[in-house]
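One structure is given here, and the rest of the page talks about it.
Just so it is clear, the structure is predicted and the values come from calculations on it, not from any experiment.
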Amino acid sequence: MPAQPHEASPDTTIVIEEIRKRYGDHDAVAGVSLQVRRGEFFGLLGPNGAGKTTLVEIMEGLREADSGKVTVLGQSPWPRNVALLPRMGVQTQSSAFFVRQTAREHLCTVAALFGVGRKAADGALDAVGLTGQRDVMVENLSGGQRQRLAIASALVHEPELIFLDEPTAALDPQARRDLWEVLRGLKKQGRTIVYTTHHLDEAEALCDRVAILVDGSVAALDSPHNLVARTGAPTRLMIPAGRLSPEAALGIEGVDRVEEQGGSLVLETQVSGQVLTAVDRLTGLADVQTRTATLEDVYLELTGSLTGTGSDGDKNSEHQA
């Protein structure tokens, strides 16, 4: 007999079919269907109120859907499925800690709750780069170190599936980038990661695929690269002000639009190589910058709002020409 559509294949960790959840007259989740592949880094994006948290809680077995089907690791997470708990790790934005313990003692306590040995605590500390802070009291750890400890707490029992909710929230730019390497390391270990974030640059850098939720529905689902490629958004060339007049810029073949912005003359084009060659002939390329379309552009097109591009505000795709 063939498998039912909602059953997970060996290559699929989560299958969601037409999940709906309503609160009063508001559809928090309005018929969402998607699959998360085994070993995939899967991002959930969307404005506040788009349904991300509700959907994740349904996957985790913390909340019951009004209708639809969901399987996690081949099983139904609801009613609360205790058999799934050792196979899942969960990090939340407001993770609780045993603050009067050291980092290692905290992880040993968490490990004991899952019935695994103290050695697992050392492995989790090493996985998130906290071995050097193993004997530091939790209350004395920095914000970034606590975020790492929260992830270590979700990893200590070596789950197959990890849910991460805004793991880099409120971190400074360097701490964010350091944590990116930790998250990449988890993926290399073959873990399946479901990840919510408001940092679009982060999702573009880390995720294999993303689902953008708008008003409880999936507005787009694909790899960041494919989503960006489909936008048709122009490349923007930023030339220091005063080097080229707007009239001269508009006269360059391939330039579609010109505007002055932030001390630069901004040229929009679909043929960046051709325009760069022309600019080089006219003024040279010193200090000329280019900006290609990003996941932020896709997000803005679908939602009309911006949740955040990262605390450092930089764009990975922006570079010196």
Check your understanding: Is any side-chain N of the basic residue among R100 and E139 closer than 4.0 Å to the acidic one's carboxylate O?
Key -> yes
Check your understanding: Are the side chain of E18 and the backbone of S67 linked by a donor-acceptor contact shorter than 3.5 Å?
Key -> no
Check your understanding: Does D126 use its side chain to pair, donor to acceptor, with the backbone of G123 at less than 3.5 Å?
Key -> no
Review point. Sub-3.5 Å donor-acceptor pair from the side chain of D66 to the main-chain atoms of R22, do we have one?
Key: yes
Point to revise | Neighbour count above 12 (heavy atom, 6.0 Å) for E253 CD | key: no
Review point. Would you say the side chain of E204 lies within less than 4.5 Å of the side chain of V228, judging by non-hydrogen atoms?
Key: yes
Exercise for review: Quick one: do I193 and L183 satisfy side-chain contact (heavy atoms from CB on, under 4.5 Å)? Show the steps, please.
Suggested key: CA-CA 9 Å; I193 300 170; L183 300 179; 5.6 Å; no
Review point. Between atom CG of L237 and atom CZ of R291, what is the distance when rounded to the nearest 0.5 Å?
Key: 12.5 Å
Practice item. For atom CD of E158, decide whether the heavy atoms of other residues, nucleotides or ligands shown that lie under 6.0 angstrom number more than 12. Key: no
Practice item. Indicate whether any N or O donor in one side chain lies under 3.5 Å from an N or O acceptor in the other, for E202 and T168. Key: yes
Revision key, fill the gap. L149 and L130 have their tightest heavy-atom pair at N-CD1, 3.6 Å
Check your understanding: Between G51 and L213, what is the shortest heavy-atom contact and its length?
Key -> C-CD1, 4.0 Å
Check your understanding: Does E268 use its side chain to pair, donor to acceptor, with the backbone of P234 at less than 3.5 Å?
Key -> no
Check your understanding: Any donor and acceptor pair, going by atom type alone, linking the side chain of R104 with main-chain N or O of A121 inside 3.5 Å?
Key -> no
Point to revise | Test log, rule side-chain contact (heavy atoms from CB on, under 4.5 Å), inputs L44 and M59 | key: CA-CA 12 Å; L44 282 174; M59 296 183 209; 4.1 Å; yes
Review point. What's the verdict on side-chain contact (heavy atoms from CB on, under 4.5 Å) for L221 and R209, showing C-alpha distance, side-chain angles and the deciding distance?
Key: CA-CA 7 Å; L221 197 167; R209 288 190 303 149; 3.1 Å; yes
Point to revise | Closest contact, heavy atoms only, V298 versus T231 | key: CG2-CG2, 3.1 Å
Practice item. Could you grab the distance from atom CG of L85 to atom NE2 of H157, nearest 0.5 Å is fine? Key: 8.0 Å
Review point. Can you tell me if T197 uses its side chain to pair, donor with acceptor, with the backbone of A203 under 3.5 Å?
Key: no
Point to revise | Reference residue E57; test salt bridge (charged side-chain N to carboxylate O under 4.0 Å, His left out); the match among K21, R63, K52, R80 | key: R63
Review point. So, do L62 and V90 sit near enough that their side-chain heavy atoms are less than 4.5 Å apart?
Key: no
Exercise for review: Taking the side chain as every heavy atom from C-beta outward, state whether E296 and D201 have any atom pair closer than 4.5 Å.
Suggested key: no
Exercise for review: Output the distance between atom CG (L227) and atom SG (C207), rounded to the nearest 0.5 Å.
Suggested key: 11.0 Å
Review point. Crowded around D208 CG? As in, over 12 foreign heavy atoms under 6.0 Å?
Key: yes
Revision key, fill the gap. dist I16:CD1 -> Q35:CD (nearest 0.5 Å) comes out at 9.5 Å
Review point. Tell me, do I19 and S33 make a side-chain contact under 4.5 Å, heavy atoms counted?
Key: no
Practice item. Report yes if the side chains of R243 and L265 come closer than 4.5 Å at any heavy-atom pair, otherwise no. Key: no
Review point. Taking 4.0 angstrom as the limit, do E17 and K69 come out as a salt bridge?
Key: no
Practice item. Could you go through the side-chain contact (heavy atoms from CB on, under 4.5 Å) check for L295 and L45 one step at a time? Key: CA-CA 11 Å; L295 191 59; L45 312 178; 3.8 Å; yes
Exercise for review: State, with a plain yes or no, whether a side-chain heavy atom of L141 is found less than 4.5 Å away from one of H106.
Suggested key: no
Point to revise | Spatial distance of atom CG (L84) from atom CH2 (W78) [nearest 0.5 Å] | key: 13.5 Å
Point to revise | N/O donor-acceptor pair under 3.5 Å between Q145 side chain and N140 backbone | key: no
Check your understanding: Does one hydrophobic cluster hold both L276 and L282, with members joined at side-chain heavy-atom distances below 4.5 Å?
Key -> yes
**Study point:** Sidechain N-carboxylate O distance under 4.0 Å for R236, E259
**Key:** yes
Check your understanding: Taking all non-hydrogen atoms of both residues, which atom of Y299 and which atom of P47 are closest, and how far apart?
Key -> OH-N, 2.9 Å
Practice item. Would you mind reporting whether L179 and I151 have side-chain heavy atoms less than 4.5 Å apart? Key: yes
Practice item. Without swapping roles, check the side chain of E260 against the backbone of A241 for a donor-acceptor pair under 3.5 Å. Key: no
Exercise for review: Look at the side-chain heavy atoms of Ile, Leu, Val, Met, Phe, Trp and Tyr, link any pair under 4.5 Å apart, and say whether L125 and F97 land in one connected group.
Suggested key: yes
Review point. Do T196 and D165 meet the criterion of a side-chain donor-acceptor pair at a distance under 3.5 Å?
Key: yes
Practice item. Examine V138 and V136 and state if one hydrophobic cluster contains both, with Ile, Leu, Val, Met, Phe, Trp and Tyr joined whenever side-chain heavy atoms are less than 4.5 Å apart. Key: yes
Review point. Closest approach of A293 and D297, non-hydrogen atoms and distance?
Key: CA-OD2, 3.2 Å
Practice item. Using atom types as modelled and distance alone, determine if a side-chain donor or acceptor of E160 lies under 3.5 Å from a backbone N or O of R87. Key: no
Check your understanding: Is the shortest heavy-atom distance from the side chain of K187 to the side chain of L206 under 4.5 Å?
Key -> no
Exercise for review: Is it possible for you to say whether M88 and V110 belong to one hydrophobic cluster, with membership spreading through side-chain heavy-atom contacts below 4.5 Å?
Suggested key: no
Exercise for review: Is it possible for you to say whether V288 and L250 belong to one hydrophobic cluster, with membership spreading through side-chain heavy-atom contacts below 4.5 Å?
Suggested key: yes
Check your understanding: If every non-hydrogen atom of L164 is compared with every non-hydrogen atom of Q91, which pair is closest and at what distance?
Key -> CA-OE1, 3.3 Å
Exercise for review: Return yes if a side-chain donor-acceptor contact under 3.5 Å exists between T109 and Q101, otherwise no.
Suggested key: yes
Point to revise | Short side-chain to backbone donor-acceptor contact, S264 and V266, under 3.5 Å | key: no
Check your understanding: Rounded to the nearest 0.5 Å, what separation is found between the CG atom of L186 and the CZ atom of R184?
Key -> 12.0 Å
**Study point:** Ion pair R230/D222, N-O distance below 4.0 Å
**Key:** yes
